[in-house]
J.: 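Following this message is one structure expressed as structure tokens.
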Amino acid sequence: MISAPLRTSVGSALRSAAASSMRAPVSRSMATLVDEKRLPAKFGGKYTVTLVPGDGIGKEVADSVKEIFEALKVPVQWEQYDVSGETTGGDDLFQQAMESLKRNKVGLKGILYTPIDQTGHNSWNVAMRQQLDIYASVVVCKSLPGFPTRHDNVDFAIIRENTEGEYSGLEHQSYPGVVESLKVSTRAKAERIARFAFDFAVKNNRKKVTCVHKANIMKLGDGLFLNTCRRVAEQEYGHTGIKFEAMIVDNTAMQLVSKPQQFDVMVMPNLYGTICANIGSALVGGPGITPGCNFGREYALFEPGCRHVGKDIMGTNKANPTALILSSTMMLRHLGLESQANLIAGATYDLVKEGKIRTADLGGSATTTDFTKGLIQRLL
């Protein structure tokens, strides 16, 4: 069974992730209380949180969050690091941000650009997760009231293993024109992400966990992941009544766009997780409205669930800040600031439902500034 330290951190994680798609406060039966020992210390009545706005639209939507927090007098002070994946020589600033995250234990970030060119640095988004062992990514894809999409009543959670698989970053050229990329799979990490997914299902009254894999081809790597998830389901969570099923990843993609209502909780390796999260985000309205979070034993990092930098609209004041705003409310719940989280999340959902202030991605013409001001007016 899960060790006590892991259960404690998972309990806090589930508290944050579950509430991301809810306006009402989380009931005590759905999540454990936040373990005060795992929270950062308060100084002057405020929590210190690391803020990394990221590239593209990152600073614009981060400014929106900061304005909302200031207007509501949320007891959070920021340690901001303007790390960028687009500039060379930013390693020192990245390391400063990492030290801040280790010190504060909680962070809010946008998406950092990762260069495609072979001479560019490796992904700093991935580096953060690996160095801090933030092993569980949670993205809740849920239909928003008042915003119709092709599919109605979509409500599923994607639990993604964050630290290994194809994102291990182990590549080499064995011969000119021949490249070998290593996909690393371990039983230990498959076990802990499977347990995280089932704990999420138990604490949030979910009925089914779907393991997404490609074990028919990668019989050892994905076979290990699938068999581990199945064993955890049968031996550790069989008594819960939660249904377990497995689905090949390419079929999953088809099923997501044809009948997404069949999914409840989905657990999968790293690469499949980012693909399915993008599909899920598109089903409910796009990257501008999908929040996300990442958890480990000690650290929690909150960021948009659909990881795009939005370079095409950078600096145009057209970005939808909803995803980062909702991610920040998940962070507030993690810190135990339930009332502020519910106020901000509720006002955000109401603003989208009302439909008078919508950014371009939601079919409107409102600016980032318009959306932020409209939200603040609802709060005050």
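These numbers were taken from a predicted model, which means no experiment stands behind them.
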J.: Heavy-atom count check: over 12 atoms from other residues, nucleotides or ligands less than 6.0 Å from Glu70 CD?
T.: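 Atom CD in Glu70 is not crowded, with 12 or fewer foreign heavy atoms closer than 6.0 Å.
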J.: Tell me, with the steps shown, if Ser100 and Glu79 meet side chain to side chain donor-acceptor pair (under 3.5 Å).
T.: CA-CA 7 Å; Ser100 175; Glu79 282 187 1; 2.6 Å; yes
J.: Could you tell me if the side chain of Lys109 sits less than 4.5 Å from the side chain of Thr50, heavy atoms only?
T.: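 Thr50 vs Lys109: side chains apart.
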J.: Looking at side-chain heavy atoms only, is the closest gap between Met247 and Phe263 below 4.5 Å?
T.: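 Sidechains of Phe263 and Met247: in contact.
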J.: Can you check whether Gln262 reaches Phe156 side chain to side chain, under 4.5 Å on heavy atoms?
T.: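 Gln262 vs Phe156: side chains apart.
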J.: Would you say that Glu298 contacts Lys102 through its side chain, given a criterion of any heavy-atom pair below 4.5 Å between the two side chains?
T.: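 Counting from C-beta outward, Glu298 and Lys102 never come under 4.5 Å.
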J.: Does a side-chain heavy-atom distance below 4.5 Å link Glu166 with Ser181?
T.: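 No, their side chains stay 4.5 Å or more apart.
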J.: Using the ring of each side chain (for Trp, its six-membered ring), is Tyr237 parallel, tilted or perpendicular to Phe198, with breaks at 30° and 60°?
T.: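 Geometry flag for Phe198 against Tyr237: parallel rings.
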J.: Just verifying a value: how many Å separate Ile279 CD1 and Cys306 SG, rounded to the nearest 0.5 Å?
T.: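 Answer rounded to 0.5 Å: 10.5 Å.
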J.: How long is the span from the CD atom in Gln261 to the CD atom in Gln255, to the nearest 0.5 Å?
T.: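 Here the rounded value is 11.0 Å.
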J.: How many angstroms lie between atom OG of Ser64 and atom CZ of Phe69, to the nearest 0.5 angstrom?
T.: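 Output value for this atom pair is 10.0 Å.
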J.: Near Arg103 CZ, under 6.0 Å, is it more than 12 heavy atoms from other residues, nucleotides or ligands?
T.: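 Count over threshold, so yes.
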J.: Are Phe302 and Trp78 connected in the hydrophobic side-chain network, where two residues link if heavy atoms are under 4.5 Å apart?
T.: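 As far as the 4.5 Å side-chain criterion goes, Trp78 and Phe302 are connected within one cluster.
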J.: When you measure from the side chain of Lys219 to the backbone N and O of Asn216, does any donor-acceptor pair fall under 3.5 Å?
T.: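 Checked: pair present.
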J.: I need the Tyr272 OH to Thr252 OG1 distance, nearest 0.5 Å.
T.: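 If I round to the nearest 0.5 Å, the distance is 10.0 Å.
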J.: Could you tell me if Asn317 and Thr369 have a donor-acceptor pair between their side chains, going purely by distance under 3.5 Å?
T.: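 Thr369 vs Asn317: donor-acceptor pair found between side chains.
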J.: With a 4.5 Å cut-off on side-chain heavy atoms, are Arg333 and Glu338 touching?
T.: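 Contact flag for Glu338/Arg333 side chains = yes.
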J.: Could you check whether any side-chain N or O of Ser327 sits under 3.5 Å from a backbone N or O of Ala323, counting only pairs where one atom can act as donor and the other as acceptor?
T.: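 Pair found, side chain donor or acceptor close to backbone of Ala323.
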J.: State, to 0.1 Å, how close Gly305 and Ala277 come at their nearest heavy-atom pair, and which atoms those are.
T.: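 In terms of heavy atoms, the two residues are closest at O-CB, 4.1 Å.
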J.: Decide if atom NZ of Lys183 counts as having more than 12 heavy atoms of other residues, nucleotides or ligands within a radius under 6.0 Å.
T.: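 For Lys183, atom NZ is crowded (more than 12 foreign heavy atoms under 6.0 Å).
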J.: Using 0.5 Å steps for rounding, measure from the CE atom of Met330 to the CD atom of Glu303.
T.: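 Going from the CE atom of Met330 to the CD atom of Glu303 covers 10.5 Å.
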J.: Within a reach of under 6.0 Å around CG of Asn153, are more than 12 heavy atoms found that belong to other residues, nucleotides or ligands?
T.: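 12 or below, so no.
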J.: For the pair Glu354 (side chain) and Ile357 (backbone), establish whether a donor and an acceptor sit closer than 3.5 Å, ignoring hydrogens and angles.
T.: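 Absent.
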J.: I need the Asn294 CG to Thr163 OG1 distance, nearest 0.5 Å.
T.: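 Those atoms lie 11.0 Å apart.
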J.: Is the closest side-chain donor-acceptor distance between Asn104 and Thr48 under 3.5 Å?
T.: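 Thr48 and Asn104 do not have a side-chain donor-acceptor pair below 3.5 Å.
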J.: Over 60° means perpendicular and under 30° means parallel, so tell me whether His334 and Phe295 are parallel, tilted or perpendicular.
T.: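 Answer is tilted, since the angle falls between 30° and 60°.
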J.: Within the structure provided, determine whether Leu335 and Val49 are in side-chain contact (heavy-atom separation under 4.5 Å).
T.: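 A side-chain contact under 4.5 Å exists here.
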J.: Do side-chain atoms of Ser143 reach the backbone of Asp152 as a donor and acceptor pair under 3.5 angstrom?
T.: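 Pair absent, no side-chain N/O of Ser143 close to backbone of Asp152.
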J.: Quick one: does Thr348's side chain get under 4.5 Å of Leu375's, heavy atoms only?
T.: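 The answer is yes, as the side chains (C-beta and beyond) meet within the 4.5 Å cut-off.
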J.: More than 12 heavy atoms of other residues, nucleotides or ligands under 6.0 Å from NZ of Lys208: yes or no?
T.: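 Correct, the count exceeds 12.
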J.: In terms of side-chain heavy atoms, does Thr367 have a donor or acceptor partner in Asp370 at a distance below 3.5 Å?
T.: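 Asp370 and Thr367 do have a side-chain donor-acceptor pair below 3.5 Å.
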